[in-house]
**Q** 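Below you'll find the structure I mean.
Since this is a predicted model, take the numbers as computed values, not measurements.
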Amino acid sequence: MELRRAAITAVGHYVPEKILTNAELEKMVDTNDEWIRTRTGIRERHIFDQGPTSEMVVKAVQNLLLHRGVSAEEIDLIIVATITPDMMLPATACVVQEKIGAKNAWGFDLNAACSGFLYALSVGARFIESGVHSKVLVIGADKMSSITDYTDRNTCVLFGDAAGAVLLEPSVEKEYGILDQCMYSDGSGGAYLNLKAGGSLNPPTHETIDKKMHYVFQDGKAVFKSAVVCMADVSDEIMNRNKLKGCDIAWLVPHQANLRIIDATAQRMGIDSSKVMMNIDKYGNTTAATIPLCLSEWWQAGKLQRGQKIVLAAFGAGYTWGSMLIQWSLASPEKP
Ligand code: COA
């Protein structure tokens with residue numbers, strides 16, 4: 001039996017209105033706009049103060065369903081990639097299912113930090129390819145402000161809140177859709193990027209709170225070194241495996257953690273910076289949301305066009321990392 005391909009047939013995103021600028025952070029911690037911009041590429045980030053992660057997801061998904069003309073009841077499976085679920089249990093996917101009225105769907109959360117969306121897309125694609133399902137919602141969403149210590153300058157300048165979503169369906173033409181992927185993880189990286197308390201290792205106590213163990217910890221230098229190498233390697237690998245050159249790729253869609261990591265990846269792939277989706281300046285690192293947010297923004301702007309080959313690449317806590325090659329199948333939105 002010939003395998004079906006999975007294709008992205010709709011995209012949506014939500015970014016909260018409230019903005020936290022570098023100038024505002026200067027008043028909160030010992031930092032400055034110039035340092036943040038030159039070391040990370042970030043100018044501002046958005047903060048969601050209207051509820052939990054699922055509320056951002058609902059807004060992103062409603063947007064998507066509207067565009068596609070698909071009802072929530074038609075969804076078979078919901079995968080939410082997040083490290084900031086509404087609660088430890090139930091899964092945010094179940095909360096979302098109820099809120100959007102996806103009565104016929106099942107769902108689960110997936111934790112792969114900044115690679116979460118890529119991992120979730122890979123898992124979702126298998127359900128389409130195998131013929132088990134025909135409509136899978138893959139979501140990347142994080143309310144990073146809920147696990148960020150706004151007295152720690154090493155991390156608080158980096159993160160923002162957002163949600164992005166895509167719909168996977170069987171591709172109509174077999175040359176379109178998700179063509180290939182390279183996925184990795186290396187648990188030895190866990191020491192450098194983690195959130196130590198709240199799980200079974202360190203259940204919450206007054207002491208874990210006093211020691212600020214419920215916030216993200218990052219050894220920035222160590223993570224930076226691994227991220228540069230892994231994101232460039234895995235992007236190079238998918239290009240070589242598919243005999244592609246930089247000129248064959250319309251867009252590199254990188255996880256938005258640091259401008260310098262993105263530049264190094266593009267350079268290694270031989271891709272000009274004009275072909276790199278980049279919105280880190282506006283949103284910072286929104287963890288699992290960065291890649292679907294880019295896809296949705298670029299598609300809405302009419303810059304992501306049917307037939308284009310794109311490469312997705314991410315690196316995150318775990319360590320986890322990966323790349324994916326897609327031939328874009330969704331036609332540009334109609335001009336009003
Ligand atoms: N403002 C001003 N100075 C700051 C600062 C801030 N917000 N944060 C850190 N510094 C200081 C450090 O304390 C250090 O000072 P010291 O030399 O006196 O100790 C100095 O700036 C340089 O720090 P360093 O860690 O070398 O900076 P860097 O060039 O590595 O940039 C990061 C820091 C966090 C931006 C960078 O390491 C990074 O992006 N890491 C990877 C992030 C990532 O990819 N995550 C992946 C998944 S989320």
**Q** Kindly indicate whether the side chain of Val276, heavy atoms from C-beta on, has any atom under 4.5 Å from the side chain of Pro254.
**A**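 Yes - at least one pair of side-chain heavy atoms lies under 4.5 Å apart.
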**Q** Output yes when a side-chain donor or acceptor of Ser323 lies under 3.5 Å from a complementary backbone atom of Val234, and no otherwise.
**A**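 Yes, the answer is positive, given that a donor and an acceptor are paired below the 3.5 Å cut-off.
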**Q** About how many Å separate CD of Glu237 and CG of Asn242, when rounded to the nearest 0.5 Å?
**A**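 Atom-to-atom, Asn242:CG and Glu237:CD are 10.0 Å apart.
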**Q** Does anything in residues 28-85 form a ring pair (Phe, Tyr, Trp, His ring centres under 6.0 Å)? List the pairs, not counting sequence neighbours.
**A**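 Of all non-adjacent pairs touching residues 28-85, those that pass ring pair (Phe, Tyr, Trp, His ring centres under 6.0 Å) are Tyr14-Phe48, His46-Tyr283, His67-Trp299.
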**Q** Using side-chain contact (heavy atoms from CB on, under 4.5 Å) as the criterion, list what pairs up with Ile280, not counting sequence neighbours.
**A**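 For Ile280, the residues satisfying side-chain contact (heavy atoms from CB on, under 4.5 Å) (neighbours in sequence not counted) are Ile42, Gln256, Met278.
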**Q** The test is side-chain contact (heavy atoms from CB on, under 4.5 Å); show your working for Val157 and Arg39 and say whether it passes.
**A** CA-CA 11 Å; Val157 302; Arg39 307 309 288 162; over 6 Å; no
**Q** Using atom types as modelled and distance alone, determine if a side-chain donor or acceptor of Ser296 lies under 3.5 Å from a backbone N or O of Pro292.
**A**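 Flag not set: sc Ser296 to bb Pro292 has no pair under 3.5 Å.
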**Q** Roughly how far, to the nearest 0.5 Å, is CG of Leu158 from SG of Cys156?
**A**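 Result: 8.0 Å between the selected atoms.
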**Q** Hey, could you give me each pair passing salt bridge (charged side-chain N to carboxylate O under 4.0 Å, His left out) that has a residue in residues 180-190? Not counting sequence neighbours.
**A**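 Residue pairs passing salt bridge (charged side-chain N to carboxylate O under 4.0 Å, His left out), neighbours aside: Asp180-Arg241.
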**Q** Tell me, please, which residues at least two apart from Gln305 pass side-chain contact (heavy atoms from CB on, under 4.5 Å).
**A**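 Expected list: Gln308, Ser332.
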**Q** Check whether Arg4 reaches the backbone of Ile128 with its side chain - one donor and one acceptor, N or O, closer than 3.5 Å.
**A**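 At least one qualifying donor-acceptor pair exists.
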**Q** Going by salt bridge (charged side-chain N to carboxylate O under 4.0 Å, His left out), name the pairs with one or both residues in residues 269-289, residues two or more places apart or in two chains.
**A**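 Every salt bridge (charged side-chain N to carboxylate O under 4.0 Å, His left out) pair that includes a residue of residues 269-289, provided the two are not neighbours, is Lys282-Glu297.
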**Q** Mind jotting down which residue pairs meet the ring pair (Phe, Tyr, Trp, His ring centres under 6.0 Å) criterion with at least one end in residues 147-205? Sequence neighbours excluded, please.
**A**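 Listed once each, the pairs are Tyr184-Trp321.
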**Q** Whether the side chain of Gln300 engages the backbone of Pro333 through a donor-acceptor N/O pair (distance < 3.5 Å, no angle test) should be reported.
**A**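 Checking the backbone N and O of Pro333 against the side chain of Gln300, no donor-acceptor pair under 3.5 Å is found.
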**Q** Check each of Leu312, Leu304, Leu252 against Met277 using the side-chain contact (heavy atoms from CB on, under 4.5 Å) test, and report the only one that passes.
**A**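 Running side-chain contact (heavy atoms from CB on, under 4.5 Å) over Leu312, Leu304, Leu252 with Met277 returns exactly one hit, Leu304.
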**Q** Taking the side chain as every heavy atom from C-beta outward, state whether Lys245 and Met239 have any pair of such atoms under 4.5 Å apart.
**A**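 In short, these two side chains do not touch, never coming nearer than 4.5 Å.
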**Q** Report the distance from atom OG1 of Thr92 to atom CD1 of Ile79, rounding to the nearest 0.5 Å.
**A**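 With rounding to 0.5 Å, OG1 (Thr92) is 14.0 Å from CD1 (Ile79).
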**Q** Does this structure show an ion pair linking Lys27 with Glu24, if we count only N-O contacts that are shorter than 4.0 Å?
**A**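 Looking at Lys27 and Glu24, the cut-off is not met.
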**Q** Just grab all the side-chain hydrogen bond (donor to acceptor under 3.5 Å, both in side chains) pairs involving residues 222-235, residues at least two apart or on different chains.
**A**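 Pairs touching residues 222-235 that pass the test: Asp233-Arg268.
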**Q** If I take atom NE2 from residue His13 and atom CG from residue Leu293, how far apart are they, to the nearest 0.5 angstrom?
**A**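 One gets 5.5 Å once the value is rounded to the nearest 0.5 Å.
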**Q** For Leu110 and Gly116, which heavy atoms make the closest approach, and how far apart are they?
**A**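 Distance-wise, the nearest heavy atoms are CD2-O, 3.9 Å.
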**Q** Any chance you could measure Glu44, atom CD, to Ile19, atom CD1, to the nearest 0.5 Å?
**A**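 Result: 4.5 Å between the selected atoms.
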**Q** Indicate, with yes or no, if Met269 and Val253 share a hydrophobic cluster defined by side-chain heavy-atom contacts under 4.5 Å among Ile, Leu, Val, Met, Phe, Trp and Tyr.
**A**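 Different clusters: Val253 never reaches Met269 through Ile, Leu, Val, Met, Phe, Trp or Tyr contacts under 4.5 Å.
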**Q** Within a strict 4.5 Å, meaning less than it, do heavy atoms of the Thr151 and Lys212 side chains meet?
**A**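 Of all side-chain heavy-atom pairs linking Lys212 with Thr151, at least one is under 4.5 Å.
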**Q** Return yes if some donor-acceptor pair links the side-chain N/O of Thr82 with the main-chain N/O of Ala141 below 3.5 Å, else return no.
**A**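 Side chain of Thr82 to backbone of Ala141, a donor-acceptor pair under 3.5 Å: yes, one is there.
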**Q** Between Asp86 and Ser54, is there a donor-acceptor pair closer than 3.5 Å when you use the side chain of the first and the backbone of the second?
**A**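 Yes, Asp86 side chain to Ser54 backbone: donor-acceptor pair under 3.5 Å.
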**Q** Without swapping roles, check the side chain of Asn154 against the backbone of Gln218 for a donor-acceptor pair under 3.5 Å.
**A**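 No, because the side chain of Asn154 does not come within donor-acceptor range (under 3.5 Å) of the backbone of Gln218.
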**Q** Can Leu137 and Leu64 be said to form a side-chain contact (heavy atoms from CB on, under 4.5 Å), step by step?
**A** CA-CA 10 Å; Leu137 264 181; Leu64 172 155; 4.0 Å; yes
**Q** Got a sec, which pairs hit salt bridge (charged side-chain N to carboxylate O under 4.0 Å, His left out) with one end in residues 7-22, sequence neighbours left out?
**A**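 Every pair satisfying salt bridge (charged side-chain N to carboxylate O under 4.0 Å, His left out) with a residue in residues 7-22: Lys18-Asp49.
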**Q** Under the side-chain hydrogen bond (donor to acceptor under 3.5 Å, both in side chains) criterion, do Asn22 and Arg45 qualify, and how do the steps go?
**A** CA-CA 9 Å; Asn22 289 352; Arg45 67 287 296 138; 2.9 Å; yes
**Q** I'd like to know if Val11 and Leu65 are part of one continuous hydrophobic network [Ile/Leu/Val/Met/Phe/Trp/Tyr, side-chain heavy atoms within less than 4.5 Å].
**A**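 Hydrophobic grouping puts Leu65 apart from Val11.
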**Q** Checking salt bridge (Lys or Arg N to Asp or Glu O under 4.0 Å) for the pair Asp248/Lys309: CA distance, chi angles, key distance, verdict?
**A** CA-CA 7 Å; Asp248 301 316; Lys309 280 204 172 71; over 6 Å; no
**Q** Does a side-chain heavy-atom distance below 4.5 Å link Met324 with Met183?
**A**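 Yes; the side chains approach each other to less than 4.5 Å.
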**Q** As a quick check of understanding, evaluate side-chain contact (heavy atoms from CB on, under 4.5 Å) for Leu193 and Phe217, giving each step before the final call.
**A** CA-CA 6 Å; Leu193 184 49; Phe217 162 82; over 6 Å; no
**Q** If hydrophobic clusters are built by linking Ile, Leu, Val, Met, Phe, Trp and Tyr wherever their side-chain heavy atoms come under 4.5 Å apart, do Ile310 and Ile271 end up in the same one?
**A**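 No, because Ile310 and Ile271 fall into different hydrophobic clusters, even though each may have its own neighbours under 4.5 Å.
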**Q** Mind jotting down which residue pairs meet the side-chain hydrogen bond (donor to acceptor under 3.5 Å, both in side chains) criterion with at least one end in residues 158-173? Sequence neighbours excluded, please.
**A**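 For residues 158-173: Thr9-Glu169, Arg68-Glu169, Lys135-Glu169, Ser145-Asp161, Glu173-Arg306.
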**Q** Quick one: do Asp152 and Tyr215 satisfy side-chain contact (heavy atoms from CB on, under 4.5 Å)? Show the steps, please.
**A** CA-CA 10 Å; Asp152 174 14; Tyr215 292 125; over 6 Å; no
**Q** Without swapping roles, check the side chain of Thr148 against the backbone of Met144 for a donor-acceptor pair under 3.5 Å.
**A**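 Yes; judged by distance alone, with no hydrogens or angles, the pair exists.
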**Q** Using the rule that Ile, Leu, Val, Met, Phe, Trp and Tyr join whenever any side-chain heavy atoms are under 4.5 Å apart, tell me whether Val80 and Met87 fall into a single cluster.
**A**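 No.
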**Q** Are more than 12 heavy atoms from other residues, nucleotides or ligands located less than 6.0 Å from atom CD of Glu175?
**A**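 Counting other residues, nucleotides and ligands, CD of Glu175 exceeds 12 neighbours.
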**Q** Please determine whether residues Leu325 and Leu295 belong to a single hydrophobic cluster, defined as Ile, Leu, Val, Met, Phe, Trp and Tyr linked transitively by side-chain heavy-atom distances below 4.5 Å.
**A**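 Cluster IDs for Leu325 and Leu295 differ.
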**Q** Going by heavy atoms in the side chains, are Leu168 and Leu121 under 4.5 Å from each other?
**A**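 The answer is yes, as the side chains (C-beta and beyond) meet within the 4.5 Å cut-off.
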**Q** Applying side-chain hydrogen bond (donor to acceptor under 3.5 Å, both in side chains), which residue pairs with at least one partner in residues 194-205 are found, sequence neighbours left out?
**A**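 Qualifying pairs, neighbours excluded: Asn194-Lys196.
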**Q** Do side-chain atoms of Arg153 reach the backbone of Thr31 as a donor and acceptor pair under 3.5 angstrom?
**A**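 Not a single qualifying donor-acceptor pair exists.
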**Q** Under the side-chain contact (heavy atoms from CB on, under 4.5 Å) test, which residues partner Thr320, sequence neighbours left out?
**A**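 If we apply the side-chain contact (heavy atoms from CB on, under 4.5 Å) test to Thr320, skipping adjacent residues, the hits are Ala112, Ser115, Tyr119, Ser185.
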**Q** Nearest 0.5 Å, please: how far is CD1 in Ile47 from CG in Leu20?
**A**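 Those atoms lie 5.0 Å apart.
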**Q** Taking salt bridge (charged side-chain N to carboxylate O under 4.0 Å, His left out) as the cut-off, I'd like each qualifying pair that reaches into residues 310-320, sequence neighbours left out, listed once.
**A**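 Checked against salt bridge (charged side-chain N to carboxylate O under 4.0 Å, His left out) - neighbours excluded - no pair reaches residues 310-320.
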**Q** Within a 6.0 Å radius of atom CD on Glu98, are there more than 12 heavy atoms belonging to other residues, nucleotides or ligands?
**A**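 For Glu98, atom CD is not crowded (no more than 12 foreign heavy atoms under 6.0 Å).
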**Q** Do the side chain of Asp109 and the main chain of Ala91 share a donor and acceptor less than 3.5 angstrom apart?
**A**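 Flag not set: sc Asp109 to bb Ala91 has no pair under 3.5 Å.
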